[in-house]
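As structure tokens, the structure follows; a few thoughts come after it.
Every value quoted in this text rests on a predicted model; they were computed, and no experiment measured them. Each chain gets a letter, A, B and so on, in the order its sequence line appears, and its residues count up from 1.
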There are 2 protein chains.
Amino acid sequence: MNPISVLLVDDHLVVRSGLKALLGTQPDIAVVAEAASGEEALVAVDEFSPAVVMMDLAMGAGMDGIEAIKRLRRRNSKQAILVFTTYDSDADIVRAVDAGAMGYLLKDAAPEEIFAAVRGAIQGRSVMSAPVASRLFQQLRNPDEVLTPREAELLSLLIQGLSNRELGKRLFISEATVKTHLAHIYAKLGVETRAAAIATAIRREGMR
Amino acid sequence: MNPISVLLVDDHLVVRSGLKALLGTQPDIAVVAEAASGEEALVAVDEFSPAVVMMDLAMGAGMDGIEAIKRLRRRNSKQAILVFTTYDSDADIVRAVDAGAMGYLLKDAAPEEIFAAVRGAIQGRSVMSAPVASRLFQQLRNPDEVLTPREAELLSLLIQGLSNRELGKRLFISEATVKTHLAHIYAKLGVETRAAAIATAIRREGMR
DNA sequence: TGGGGCATCAGCCAAAAGGTTGAGAGACCA
DNA sequence: TGGTCTCTCAACCTTTTGGCTGATGCCCCA
């Protein structure tokens, strides 16, 4: 049986070589190529046709991981794509799955978890880190936590640091309405203050 | 000549093993121990007395890198401490240098840069990544905008969404003092509200 | 046709945050 | 030794925010 060929995509050299060293301990897994950006990843896939692509999402410059996943998917290529990243933001998870990722691993995952994900990927099994899975389940269980379009619009201005008065002017609504929306947003985000909402939104939701 | 003994501190296994593999290519550098948290780092320093400690700042749980650096410094230990982290926020840099770090490297640094930093560290030379250096230079040009260590510490908690009361409790100071610090931070960041400060800090400073 | 969700607004009150001024203690440095 | 910086705290006042209740109009859809 041939070993499973893997392409590593991460802009950090140390992460790539760490992952390579780790995967190298498994006889049935072989790292055949590395890439430091989305662009490089596309080229490497063409050249090496790996069975599995392990992809970081946040790449320093150029094409990010999500975009790279989308482009790979658009080619009808048969690689299984695993996201391997540091953060488990709801927005990132949703976007990655939507783009066509097969699994979602966090960088602090145990080695066995990583091996299992690679082996599972080529069999069409979806493996994800526990925190990631629990976030997904939570979203399924609590659909009420989804922001309405107007709330999302307000939130996107809120995280710019605007006051209630400014939000009202910008959205052509009264301060009272702003406060109503904010109360709903806080409830959905599970916070009590505007400061926490901003912090949570920027981090957890990946908003900028 | 004995090789330079190095302790790696990072909560991510792949980063540790990547860094270990990288440093292993240099005959004059030897990784003698690894730690996954601040607590482990303190124990490992006692046990192995490394010449250089490479420390991540954001540790998943428990004591963070800054606190670990402070405690090492308090012991009069002679280790040179290098920060090795993903982000180059002004506040983190200020806090790390203040805590007693010898150098500040980013995880996407070139191997040569990392080797040079380790070798420089034991000679008392301070080596830092280019983006970090340029931030420091910019701070030198605009000294009025540089946060003091205490302000940086406060800001790092502020962007977690804490209230004034919580900030006070966490830092063992009164709310009055918190408000004084906040006023100074706002002035330095060029904002007027806490919301804007959080938004600015997270974006401009790359803070998380 | 009657809910239900969404967006809008008002008023009231309590809590939190922000602006200002002033001040003391300790560190550092010229 | 005097000046400057940092960190600490207080009192006072204004503005902003948050919590609550209740209400209207609209649209969709069962």
Side-chain angles (χ1 to χ4, degrees), chain A residues 139 142-201, chain B residues 66 70 73-74 90-91 93-100 136 139-202:
Chain A
Q139 290 196 344
N142 302 336
D144 343 330
E145 290 178 10
V146 180
L147 298 181
T148 68
R150 193 57 160 170
E151 286 162 1
E153 190 178 3
L154 201 143
L155 180 58
S156 74
L157 293 176
L158 179 70
I159 64 173
Q160 317 267 82
L162 275 62
S163 69
N164 289 351
R165 185 169 308 175
E166 291 169 324
L167 290 170
K169 282 187 181 169
R170 196 73 83 83
L171 297 174
F172 304 106
I173 57 180
S174 75
E175 268 189 69
T177 306
V178 170
K179 291 169 80 171
T180 304
H181 285 309
L182 283 180
H184 294 158
I185 291 174
Y186 297 167
K188 290 180 180 179
L189 292 184
V191 299
E192 265 127 46
T193 67
R194 130 181 338 234
I198 294 173
T200 301
Chain B
I66 297 283
K70 281 186 190 164
R73 281 290 77 118
R74 248 184 253 135
D90 287 346
I93 296 173
V94 168
R95 291 174 66 216
V97 170
D98 185 62
L136 281 182
Q139 293 194 346
L140 286 180
R141 280 198 300 272
N142 299 3
D144 297 355
E145 293 175 11
V146 181
L147 298 181
T148 68
R150 193 55 158 172
E151 287 162 0
E153 192 178 3
L154 202 143
L155 180 59
S156 74
L157 292 176
L158 180 71
I159 64 171
Q160 317 265 73
L162 274 63
S163 69
N164 290 351
R165 184 170 308 177
E166 292 168 324
L167 291 171
K169 283 187 181 169
R170 196 73 85 82
L171 298 175
F172 304 106
I173 56 180
S174 75
E175 268 189 70
T177 305
V178 170
K179 290 168 86 170
T180 303
H181 284 310
L182 283 181
H184 294 158
I185 291 174
Y186 296 166
K188 289 180 180 178
L189 292 184
V191 300
E192 264 126 48
T193 66
R194 136 182 330 237
I198 294 173
T200 302
I202 295 185

Euclidean distance, atom [atom1] of residue [X] to atom [atom2] of [N] [Å, nearest integer]:
X        : N      : atom1 : atom2 : result
B:Leu171 : D:dT6  : CG    : C1'   : 15 Å
A:Arg194 : C:dG18 : CZ    : C1'   : 13 Å
A:Leu162 : D:dT15 : CG    : C1'   : 17 Å
A:Ile185 : D:dG19 : CD1   : P     : 13 Å
A:Tyr186 : C:dA15 : OH    : P     : 18 Å
A:Glu175 : C:dG11 : CD    : P     : 13 Å
A:Glu192 : C:dA16 : CD    : P     : 11 Å
B:His184 : D:dC9  : NE2   : C1'   : 13 Å

Practice task
Between B:Glu151 and B:Ala176, just flag the one whose closest nucleotide in DNA chain D comes earlier from the 5' side.
Solution key: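 On the 5' side of the pair lies B:Glu151.
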Fill in the blank from the handout: Sorted by position of nearest nucleotide on DNA chain D, 5' first, the leading residue of B:Phe172 and B:Lys179 is B:Phe172
For [N], does OP1 or OP2 lie under 4.0 Å from any side-chain N or O of [X]?
X        : N      : answer
B:Asn164 : C:dA16 : no
A:Arg150 : C:dA7  : no
B:Ser174 : D:dC9  : yes

Problem - Flag side-chain contact, heavy atom, 4.5 Å: B:Arg150 against B:Leu171 - result: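 Answer yes - side chains close enough.
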Practice task
Evaluate the side-chain proximity of B:His184 to B:Thr148: yes if any heavy-atom separation is below 4.5 Å, no if none is.
Solution key: no
Practice task
Might you point out which heavy atoms bring A:Arg194 and A:Tyr186 nearest each other, and give the distance in Å?
Solution key: CB-OH, 3.0 Å
Tell me what [X] touches on the nucleic acid: a base, only sugar-phosphate, or nothing, going by heavy atoms under 4.0 Å.
X        : value
B:Thr177 : base
B:Thr180 : base
A:Thr193 : sugar-phosphate

Handout entry: Residue B:Arg165, side-chain atoms from C-beta onward, closest of C:dA16, D:dT17, C:dG19
Key = C:dA16
Handout entry: Shortest side-chain distance from B:His181, nucleotide among D:dG18, D:dC7, C:dT8
Key =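 The answer is D:dC7, which lies nearest to the side chain.
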Handout entry: Full working for side chain to side chain contact (heavy atoms under 4.5 Å, CB included) between A:Ile173 and A:His181
Key = CA-CA 11 Å; A:Ile173 57 180; A:His181 285 309; 4.1 Å; yes
Problem - Residue pair A:Thr177 / A:Ser174, side-chain donor-acceptor N/O under 3.5 Å - result: yes
